[in-house]
Amino acid sequence: MTTDLRKTGLDVVGDIAWGTHCCLFYETKADLLETLVSYCAAGLENREFCMWVVAAPVTEEEAIGALRQAVPDIDRYLADGSIEIVAARDWYLQGGTFNLERVIRGWNEKLARALDRGYAGVRVTGDTVWLERTDWKDFCDYEESINVAFANQRLAALCTYPLHACGAGEVLDVVRTHQFAIAKRRGDWDVIETAGHKQAKREIQRLNDELEERVVDRTSQLTAVNLELTKEVLQRQRVEDALRRSEAYLAEAQRLSHTGSWAFNPEGTVYWSEENFRIWGFDPTQDPPHRDVVLRRLHPDDRSRVLDTVEQAVRERTDYVVEFRIVLPDGAVRHIHGLGHPVFGAGGELVEVVGTQVDVTERKRAEHERETLHQLRADLARLNRVTTMGELTASLAHEIRQPIAAAVTDAKTCLRWLGRANPDVDEGREAAGRMVTDVTRAAEIITSISALVKKGAVPREPVDVNELIREMIGMLRSEARGHAIALRAELHPDLPQVIAERVQLQQVFMNLMLNGIDAMKDMGGAHELTVSSAADNNAQLVISVSDTGAGLLPEHVDQIFNAFFTTKDHGIGMGLPISRSIVESHGGRLWVTANSERGATFQFSLPAGVATAV
Amino acid sequence: MASQGETKVVAIVDDDDLMRSALQGLLKAVGLPARAFASGEEFLQSGEQHQVACLIADIRMSGMSGLELQAKLNADNIKIPTIFITAHGDARMRMQALRAGAVEFMEKPFDDEVLLESVRVALES
C-alpha cells in the first residue's frame with residue numbers, strides 16, 4: 001500500500017491518500033469552479049496527471065478559463081497532456097449508454113499511461129449533472145465499483161453532484177457510496193463522513209498510534225541493542241588488537257630467544273609456536289607435525305631418556321627439565337633445553353602437557369669455545385711458568401743449596417756441641433734451631449717452585465701481596481746476584497689482601513722481575529730492581545716493578561704486550577701478554593712507563609679483597 | 001796479619017743470613033771467635049779488616065762480590081788469608097781466586113772438617 005499523502009488543494013479536506021474516492025455537493029457554478037480549479041492546480045503542482053470531466057452548465061472553455069486564473073501556464077500543461085478536460089458525455093456515455101466496466105477500464109488505462117509517462121498518479125474529477133433518473137441505479141453500482149477499483153491504486157477521484165438536482169434519497173446514496181462527502185454552499189463548507197469511514201479512520205489512527213508506539217519502543221530497544229553491540233564490537237576490536245600485539249611481541253621474543261612453545265594432549269599435538277617449527281626444522285605454515293615424526297628427529301641416544309622423563313613427570317605429576325639433541329634432515333644437530341608442565345583435570349586425568357623448548361646450540365658452542373680458550377690460556381700460562389723455571393734452574397738450585405748447606409753446617413755444629421765430654425745442650429739446641437730455620441727455608445722454596453709448575457686449576461684465595469713479593473725476591477735473589485743486580489722491596493705496611501690465584505700472581509711477578517733483570521744484566525755497572533706495593537683510596541692495589549736498564553724505545557711501548565714480540569735473544573715473547581691477561585682476569589690493569597732517569601717501570605693494579613668472576 | 005798473643009778473630013762475609021749464622025755457630029763450637037758481615041762493603045766500613053786473622057767469604061753477593069772484596073783488600077795492601085765458599089763455582093773462578101791469594105775455594109755444601117782445617121792453617125800462617 002502506498003502511504004504517501006496527496007494535497008487535495010482544498011483546505012477543508014487537507015491531504016488524502018491514493019485510492020481516496022470522495023464526493024462534492026455544490027450549489028452554484030461558482031462554488032463548483034472554485035473547488036475544482038484548486039483541486040486540479042494542486043494535482044498539476046504535484047506532478048499528477050489530471051482529468052476533468054465537465055458537464056453543463058460548465059463548458060470545457062469555461063473550465064480552462066477558470067484554471068488559467070489560478071495556473072498561469074495552463075497552456076503548457078494542456079499541450080504536454082498533463083491535464084485533459086473532456087465532456088462528460090464523451091467520457092461516460094460513449095455510444096450513448098453508460099457502461100460501468102468500460103469506464104473503469106478507461107480509468108485504469110489512463111493510470112497506466114500516466115505512470116508510463118512518469119506521473120505520480122492520476123487525479124480525476126467528474127460531474128454527474130447529465131445523469132438521467134433511469135441510469136441512477138447503474139451509476140450507484142459504478143460508484144461502489146470505483147471504491148474497489150481505485151483502492152491501492154495511484155488514483156484519486158472527486159465526484160461532483162449539483163445539490164439542486166439531488167433528492168434526499170440520492171444524497172443518501174451518494175454519501176453511502178463515497179468515503180466522505182463535502183458540500184460547498186455559497187462559499188461555506190460542510191464535511192460529511194460515513195460511520196464506516198469514520199470508524200475505519202479511527203481504527204487506522206489507533207493502529208497507527210499503536211504501531212508508532214511499538215515502532216518507538218522497538219526503535220529505542222534496537223538503538224540500545226545497537227549501542228551495546230557497537231560497544232561490544234569496539235571492545236572486542238580493542239581486545240583483538242591487544243591480543244594481536246601481544247602475540248606479535250611473543251613471537252618476536254620467541255624468535256630472539258630461540259624459544260618455542262608447544263602443547264599436546266593424549267590425542268596428539270595441539271599447538272606449536274612458530275619458533276618451535278623453526279627449531280625443529282618443520283614448515284610453520286603446516287599443522288604441527290605428528291608425534292611419531294617429532295620423535296624420529298630426536299637424537300637416537302637421547303630418545304628414550306626424553307620419553308622416560310616425560311612419562312615420569314606425568315606419573316609423578318611434576319614439572320620436568322630435560323636437555324637433549326635433535327637431528328635435522330640435513331644432519332645438523334641442535335641442543336635443546338626443554339621444560340614441561342603436565343596439566344590435570346578435576347578428576348585427576350591428564351588434560352594436556354604444555355612446555356617450552358630453547359635452542360641452546362649456540363650457547364653450548366660458545367660455552368665449549370670458552371672452555372677450550374680458558375684451557376689453552378691456562379696451558380700457555382703453565383708453559384710460560386715451566387719454561388721460565390727451566391731458564392732459572394741454575395739460580396734456583398743455588399737458592400735451594402744455600403739453606404741446605406747452612407743446615408748441614410748447623411747439624412755438624414750441633415753434633416760437636418753434643419759430642420763433647422761435657423755436652424753443651426744449650427748450644428746444641430741453638431744449632432738445631434738454626435737447622436730448623438734452614439730446612440724450612442729450603443722447603444718453602446721447593447714448595448713455591450712446585451706450585452709454579454703444577455698443573456690444574458687452583459681456587460682463588462685471599463693473597464698477601466707483600467708476602468708474595470718477599471717470596472719472589474727470595475726466589476730470584478740468586479739470579480739477580482749473578483748479574484750484580486740488587487733487589488729492593490718498598491712495601492706498603494697496611495696493604496689489603498687481594499682475592500687471586502696465587503700461582504698466577506707469582507707468575508706475573510716472575511715475568512716482570514725477570515724482564516727487569518734481563519733489561520739490566522748485560523749493561524755493566526751497579527743496577528737495581530725495585531718492587532713496590534701501594535694502595536690507593538679506591539680500594540686498588542698498585543704494584544710497580546722498576547728497573548734501571550736501558551728503558552723502552554717509544555716504538556716498542558705499544559708492542560711489548562703483543563704475543564711473540566720480544567727484544568731479547570731468548571724467550572718467545574709470551575711473558576708480558578700472559579701477565580696482562582692474568583692481571584685483567586683478576587680485574588686489574590697492567591701498563592708500562594719510562595722512568596725519568598733510566599729504565600722502565602711496569603705497574604699493575606688489582607682490586608682489593610673483592611672476588612671477581614673468572 | 002794478627003800478631004802473636006792476640007785473640008785471632010775470623011771474619012765471615014756472606015749475604016745469606018742462614019749461612020752467616022751457621023758459619024758463626026761452627027766456629028764458636030771449636031772455640032774460634034768470629035765476626036759476621038752481610039756484605040763486603042759492610043766489612044770494609046767496619047775497619048776490622050785490619051784485625052782479622054782469617055776471612056771466610058761468599059763469592060756471589062748482591063753488591064760487591066767476594067772476588068771484588070779480595071781485589072780491594074789486595075789493593076789496600078791488606079793481606080788476609082781468605083777461604084771462599086760458593087754455591088756454584090767454576091774452574092775459572094777458582095783459579096782467579098787462588099791466584100789472587102785465596103787459601104781455599106770450597107763449594108756448598110762443604111765439609112766442616114775441611115773448612116776448619118783450612119781456617120786453622122790460615123790462622124797459623
Side-chain angles (χ1 to χ4, degrees), chain A residues 393-420 423-424 426-442 444-445 473-474 476-488 517 525-529, chain B residues 10 12-34 36 38-42 56-69 71 83-90 92-93 106-120:
Chain A
T393 309
S395 55
L396 290 176
H398 172 89
E399 222 29 71
I400 296 166
R401 203 176 287 138
Q402 194 90 336
I404 289 175
V408 170
T409 304
D410 283 322
K412 297 272 180 68
T413 304
C414 180
L415 288 175
R416 277 176 199 280
W417 289 115
L418 298 177
R420 289 185 167 196
D424 191 326
D426 286 345
E427 287 290 351
R429 184 181 293 127
E430 209 170 288
R434 286 198 301 275
M435 210 156 54
V436 170
T437 312
D438 300 334
V439 175
T440 305
R441 161 115 26 116
E444 277 169 3
I445 293 168
I473 285 180
L476 295 177
R477 189 168 38 209
S478 301
E479 181 72 14
R481 198 186 290 147
H483 301 294
I485 293 165
L487 292 182
R488 214 153 57 80
I517 290 169
H527 285 283
E528 193 174 76
L529 186 77
Chain B
V10 179
I12 302 161
V13 178
D14 196 318
D15 65 349
D16 187 89
D17 52 341
L18 300 181
M19 205 56 200
R20 254 190 342 261
S21 307
L23 288 171
Q24 212 169 358
L26 178 64
L27 292 175
K28 189 180 175 189
V30 294
L32 287 173
S39 68
E41 289 89 341
E42 197 185 313
I56 302 174
D58 190 7
I59 299 250
R60 237 184 218 194
M61 293 183 285
S62 53
M64 184 181 272
S65 76
L67 293 178
E68 282 167 354
L69 174 62
I83 300 161
F84 284 113
I85 312 173
T86 180
H88 40 111
D90 56 45
R92 200 168 52 84
M93 207 183 271
M106 306 176 71
E107 286 188 29
K108 291 177 194 172
F110 51 86
D111 187 321
D112 60 326
E113 294 290 355
V114 177
L115 175 72
L116 290 174
E117 185 52 36
S118 301
V119 171
R120 277 188 206 107

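Since the structure is predicted, the reported quantities are computational estimates derived from the model, not experimental observations. In what follows, chains are A, B, ... by sequence order, proteins preceding strands, each numbered from 1.
- Put simply, CZ on R481(A) and CD1 on I59(B) are 12.5 Å apart, with the number rounded to the nearest 0.5 Å.
- Considering only heavy atoms from C-beta on, T409(A) comes within 4.5 Å of F110(B) through its side chain.
- At least one side-chain heavy atom of T437(A) sits less than 4.5 Å from a side-chain heavy atom of L18(B).
- One distance of note links CG of D410(A) with CE of M19(B); it measures 8.5 Å at 0.5 Å rounding.
- For S65(B), no part sits under 4.5 Å from any heavy atom of chain A, backbone or side chain.
- Across every non-hydrogen atom of A22(B) and A406(A), the tightest pair is CB-O, 3.6 Å.
- Between the R477(A) side chain and the D16(B) main chain, no donor and acceptor come within less than 3.5 Å of each other.
- Interface remark: Q402(A) contributes backbone and side-chain atoms alike to the contact with chain B (heavy atom separation under 4.5 Å).
- Counting heavy-atom pairs under 4.5 Å between each of R441(A), E427(A), E430(A), M435(A) and chain B puts R441(A) at the top.
- Residues R434(A) and G25(B) approach most closely at NH2-CA, 3.4 Å, considering heavy atoms.
- In this structure, the side chains of K412(A) and L115(B) stay at 4.5 Å or more apart for every pair of heavy atoms.
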L26(B)/R416(A) under side-chain contact (heavy atoms from CB on, under 4.5 Å): CA gap, chis, key distance, verdict: CA-CA 9 Å; L26(B) 178 64; R416(A) 277 176 199 280; 3.6 Å; yes
